[in-house]
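Comments concern the structure below.
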Protein chains: 2
Amino acid sequence: MRKISESTVRRLSLYLRYLEQSETQGHETISSAELARRGGTTSAQVRKDLSFFGSFGKRGLGYSVPALATRLREILGLKRSHRVVMVGAGRIGGALAQYPGFRQRGFHVSAIYDRDPKKIGSRWNGLVVRDIRHLESDLRKEPTDIAIVVVPADAAQEVVDRLVQAGVKAILNFAPVQLAVPRDVAVKTVNMAQELETLSFVLANR
Amino acid sequence: MRKISESTVRRLSLYLRYLEQSETQGHETISSAELARRGGTTSAQVRKDLSFFGSFGKRGLGYSVPALATRLREILGLKRSHRVVMVGAGRIGGALAQYPGFRQRGFHVSAIYDRDPKKIGSRWNGLVVRDIRHLESDLRKEPTDIAIVVVPADAAQEVVDRLVQAGVKAILNFAPVQLAVPRDVAVKTVNMAQELETLSFVLANR
DNA sequence: TTCTGTGAATAGGTTCACAGCT
DNA sequence: AGCTGTGAACCTATTCACAGAA
């Protein structure tokens, strides 16, 4: 497949969200202009994004809401649910493990690990925090391709190495470090302090 | 000032982090190549990013670590600390309010609001959750220009309107919606389910 | 007539490559 | 010799604009 840009993928995910809303409101079709309005972009952008994957619309009419939603779920790999392991049972990890938005979108946190004996054994929403020592053997029993890393910066690379070694193919990283991974593993780093700093920059430069 | 791209600003924030590490390790100077290595980019990119703001290096030598760090703090508006109000005292809001990474970078959560009577009055790390009703009067007493919004999607726009009305100029939004704000207000939306979806896309398209 | 699909034009961001300090 | 600063070249993403299907 032609290389799809990350911004296109992010927008597809937004479009899907709006399609689902339209679906519950009983709308049959939606135009690129309407999707654009809701997603904060332009109608040309919407059509271009979709055109990378085929032509799903009807000229003069727009897109069939349920058909496009189905197609986007397919494209985004959301037709099946995904098991996710979480490493790090701090406050953020705990909050994320229980975040309803993940489950709603088909991401199911199946295990949470930590190395701190004080945390191991505690419960987060029915999930018992497990000793990180069991990571490899657990993943052998239940291969999982997505992990969320919520450990301190200085522990992150080691954790990621172990996850990669154990076959994880995609990592959502909340530790504020640049991670090294093999080319066939996808990493997305979310750095919340950095987000605030970009806001601070905007405030400072006006 | 010339328009600076968001990606440049994000990288500046990374560079600063590495400079601070180098500083504690007692390094006097650092080259663009070294900064690039640590930030996962190229030396030309580092030099280009910095060049938008002036020329801080010495040819043949590199950059003075403390001088560049100081300059970046200035550029990013981090010479002073920032008060931040948080709206939404759910699990994620609570975790963020206590996130040490914010305080370390000079962002100080000064108040946290919710509308749920069950949450109002509870303590998060010494901070008492206040009734959202007090938002406007509190902000009049203590003008604050950064807010973090961690409320359900359907409440976010209303909260943001009130924040903007009360003078907030920058918003870090964790609600999965596209927010409408006046042009002089900066919004950064972090959508964690969307991040997982981009990973799911990568997994599905290989 | 309306709204899609898509080449072409434009804008924006990244990399190259080299002149110029130190 | 080493490394910065920067115009130019390149590449990627967005917007334009219009032909064509419903």
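Values reported hereafter were calculated over all heavy atoms of this structure, with side chains retained and with hydrogens, waters and symmetry mates removed. Numbered from 1 within each chain, the chains take letters A, B, ... in sequence-line order.
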Check: Can you tell me how far P of D/dC3 sits from OH of B/Y63, to the nearest Å?
Finding: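 Answer to the nearest Å: 12 Å.
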
Next item on the list: Figure out the CG/P separation between B/D49 and D/dG5, and round it to whole Å.
Entry: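 For the pair B/D49 CG and D/dG5 P, the rounded distance is 12 Å.
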
Got a sec, which residues hit side-chain hydrogen bond (donor to acceptor under 3.5 Å, both in side chains) with [X], two or more places apart in sequence or on another chain?
X: B/D138; answer: B/Y113, B/R130
X: B/S5; answer: B/S7, B/T8
X: B/R37; answer: B/E34

Report, one line per pair, each donor and acceptor closer than 3.5 Å where one atom sits in a side chain of residues 101-109 of chain A; sequence neighbours left out.
unit_1, atom_1, unit_2, atom_2, d
A/R105, NE, B/E197, OE2, 2.5
A/R105, NH1, A/E20, OE1, 2.5
A/R105, NH2, B/E197, OE2, 3.1

Checklist line | salt bridge (Lys or Arg N to Asp or Glu O under 4.0 Å) against B/E6, all qualifying residues, sequence neighbours excluded | finding: B/R10, B/K188

Notebook entry, point to check: Residues two or more places apart in sequence or in another chain: which of them pass salt bridge (Lys or Arg N to Asp or Glu O under 4.0 Å) with B/D49?
Noted result: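 B/R11.
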
Checklist line | side chain to side chain donor-acceptor pair (under 3.5 Å) partners of residues 156-181 of chain A, not counting sequence neighbours, each pair once | finding: A/E136-A/R162, A/Q157-A/D161, A/K169-A/D184, A/N173-A/T189

Check: Should B/L172 and B/I146 be marked as a side-chain contact (heavy atoms from CB on, under 4.5 Å) after you check the CA-CA gap, both sets of side-chain angles, and the distance that decides it?
Finding: CA-CA 8 Å; B/L172 182 56; B/I146 304 183; 5.7 Å; no

Note to self: Which residues in residues 8-30 of chain B have a heavy atom closer than 4.0 Å to any atom of DNA chain C?
What the structure shows: B/R11

Kindly give the atom pairs (protein nitrogen or oxygen, nucleotide nitrogen or oxygen) under 3.5 Å for nucleotides 18-22 of chain D.
unit_1, atom_1, unit_2, atom_2, d
D/dG20, N3, A/R59, NH1, 3.3
D/dA22, O4', A/R59, O, 3.1

Notebook entry, point to check: Going by the ring pair (Phe, Tyr, Trp, His ring centres under 6.0 Å) test, which pairs reach into residues 22-60 of chain B, not counting sequence neighbours?
Noted result: none

Notebook entry, point to check: Think A/Q45 has a side-chain N or O under 4.0 angstrom from the OP1 or OP2 of D/dA13?
Noted result: no

Notebook entry, point to check: Is the distance from OP1 or OP2 of D/dT15 to the nearest side-chain N or O of A/T42 less than 4.0 Å?
Noted result: yes

Note to self: Within the 4.0 Å heavy-atom criterion, would you say B/T41 contacts the bases, only the backbone, or no part of the nucleic acid?
What the structure shows: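 No contact.
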
Next item on the list: Scan B/K3 against the nucleic acid and name what it touches under 4.0 Å (heavy atoms): base, sugar-phosphate only, or nothing.
Entry: nothing

Item checked: Segment of DNA chain C, first to last nucleotide, that comes within the 4.0 Å heavy-atom reach of chain A -> C/dT2 to C/dA8

Side-chain atoms of residues 60-71 of chain B: list all donor-acceptor pairs with protein atoms under 3.5 Å, sequence neighbours left out, distances to 0.1 Å.
unit_1, atom_1, unit_2, atom_2, d
B/S64, OG, B/A67, N, 3.2
B/T70, OG1, B/P66, O, 2.9
B/R71, NH1, B/E74, OE1, 3.1

Next item on the list: Indicate yes or no for a side-chain donor-acceptor contact from A/R83 to the backbone of A/E142 under 3.5 Å, with no hydrogens or angles considered.
Entry: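 Yes, A/R83 side chain to A/E142 backbone: donor-acceptor pair under 3.5 Å.
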
